[in-house]
Amino acid sequence: MEDESRTDLTELSDLQLDALKEIANIGAGNAATAFSQMLDQRIDMSVPKVDIKPLNEIPEILGGPESLVVGILVEVMGDIPGKILFALDEKSANRMTSLLLDKRLNNVDKQDEKIKKSTLKELGNILTNSYLNALSRMTNLSPLPSVPGLALDMAGAILEVAFLQVGYIGDYALVVETEFWDGEDRISGNFFFIPTPESLNKILSKLGVGQI
C-alpha cells in the first residue's frame, strides 16, 4: 500500500521551484560572504543550480556510489523539521580545511584528523545556518539546526543514512549544487535539503506559492 504521507517533489510547480531557488541563491550568497569573512579574503561563488533529483541518481552527482566523499549532516528541528546534507569530494574538503587552517591555526599540525574534522563541521555549520537564516527571513519560520555530524565514507553509504531513513518524504530530493572559487582553485559542494512534507508545505505557504 502506498504511504499517503509521502510527498512527491516532482509535483512542485515552476513557481514553487523558483521560490525555493531564490532561497537557495540568497543562502549560498550568505555562505560565500561568511566564508570570505572567516578567511579575510575574497571567495567567489557560482550561481547555485537547484533541481529536483530522484534519490537513485544522487550518488552519481557525487561521482558514483563508491566515490569517497565527506558528508556533513544536520538535523533541522523547530518550525520546519527535516535534514540537510552538505557533501563534497575529498579534494574539495582538503582545500577548504587548508584555507581555514592556514589562516587561523598556523601552529597546529594540519595533518591532525581531529582538527580537520572539527574545521569541516564548523564550515558545514556556517553553510547550513546561512541557508536556514535566509529561509527564516523569507518565511518568518524558525528552523533550529542540530550540531553537525560528519562522515568520510562512500557516497552511497552516506546518502543512505541521510535520505533513505527519511523515506516518508518521497523518492526525490531538492538538490542545491554550489561552487566556491578561491582564485583559480575550485571548491565544489552539493547541498541537499530534505524537509518533511509538513515543513515543505509550511515553507511554500509562507512564500505565498500554495502547497503541494
Side-chain angles (χ1 to χ4, degrees), residues 6-12 17 20-21 24-25 27-28 31-32 35 43-76 82-100 110-111 113-114 116-128 130-131 146 148-196 200:
R6 292 166 73 90
T7 296
D8 187 349
L9 292 179
T10 59
E11 294 177 359
L12 286 167
L17 190 55
L20 294 174
K21 287 179 179 179
N25 276 317
F35 197 18
I43 297 292
D44 295 316
M45 181 200 73
S46 65
V47 176
K49 299 175 184 175
V50 183
D51 204 354
I52 303 298
K53 292 285 187 180
L55 291 182
N56 60 10
E57 290 184 10
I58 288 181
E60 296 303 324
I61 298 174
L62 300 176
E66 296 184 357
S67 297
L68 196 61
V69 301
V70 173
I72 303 164
L73 184 64
V74 174
E75 296 273 357
V76 181
K83 289 190 176 185
I84 288 177
L85 173 69
F86 180 58
L88 60 168
D89 61 46
E90 195 173 16
K91 181 179 178 182
S92 291
N94 288 334
R95 181 60 184 158
M96 290 186 96
T97 52
S98 293
L99 280 171
L100 194 56
K110 298 181 181 61
Q111 301 305 313
E113 289 301 315
K114 186 175 180 180
K116 291 172 69 174
K117 288 180 178 178
S118 177
T119 302
L120 284 169
K121 284 184 180 180
E122 183 178 356
L123 289 168
N125 196 39
I126 289 169
L127 297 175
T128 299
S130 297
Y131 181 84
S146 69
L150 183 139
L152 173 62
D153 205 336
M154 291 186 294
I158 288 179
L159 291 168
E160 181 175 358
V161 171
F163 295 133
L164 297 188
Q165 291 179 356
V166 201
Y168 56 80
I169 190 66
D171 297 323
Y172 293 81
L174 179 65
V175 181
V176 182
E177 185 176 355
T178 306
E179 291 183 340
F180 297 97
W181 295 83
D182 166 39
E184 297 295 323
D185 292 325
R186 180 174 66 91
I187 302 169
S188 61
N190 289 279
F191 190 91
F192 304 93
F193 179 41
I194 305 286
T196 66
L200 181 59

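Any value given below was found using the heavy atoms of this structure, including those in side chains, with hydrogens, waters and symmetry copies removed.
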Sorted by chain and residue number, the side chain to side chain contact (heavy atoms under 4.5 Å, CB included) partners of Ser146 (sequence neighbours excluded) come out as Val74, Glu75, Met77
When you measure from the side chain of Thr97 to the backbone of Ala93, do you find a donor-acceptor pair of N or O atoms at a distance under 3.5 Å? yes
How far does CG of Leu85 sit from CG of Asn190, to the nearest 0.5 angstrom? 9.0 Å
State, with a plain yes or no, whether a side-chain heavy atom of Pro59 is found less than 4.5 Å away from one of Leu159. yes
Looking only at heavy atoms, what is the nearest atom pair of Gly64 and Ala155, with distance? O-CB, 3.4 Å
CA sep, side-chain torsions, deciding dist, call: Leu200, Leu20, side-chain contact (heavy atoms from CB on, under 4.5 Å): CA-CA 10 Å; Leu200 181 59; Leu20 294 174; 4.3 Å; yes
side-chain contact (heavy atoms from CB on, under 4.5 Å) test vs Ile158 passes for just one of Asp153, Leu73, Leu68, namely Asp153
Taking atom CD1 of Ile72 and atom CD of Glu122, what is their separation to the nearest 0.5 Å? 11.0 Å
For Asn25, enumerate each residue passing the side chain to side chain donor-acceptor pair (under 3.5 Å) test, keeping only those at least two apart in sequence or located in another chain. none
Could you give me the CA-CA distance, side-chain angles and deciding distance for Asn94 and Lys116, then say whether side-chain contact (heavy atoms from CB on, under 4.5 Å) is met? CA-CA 8 Å; Asn94 288 334; Lys116 291 172 69 174; 3.5 Å; yes
Partner residues of Ser130 under the side chain to side chain donor-acceptor pair (under 3.5 Å) criterion, sequence neighbours left out: none
Could you tell me which residues satisfy salt bridge (charged side-chain N to carboxylate O under 4.0 Å, His left out) with Glu90, sequence neighbours excluded, listed by chain and number? none
Qualifying residues under side chain to side chain contact (heavy atoms under 4.5 Å, CB included), relative to Lys117, sequence neighbours excluded: Leu150
Name all residues meeting the side chain to side chain donor-acceptor pair (under 3.5 Å) criterion together with Asp89; count only those two or more places apart in sequence or in a different chain, and write none if there are none. Ser92
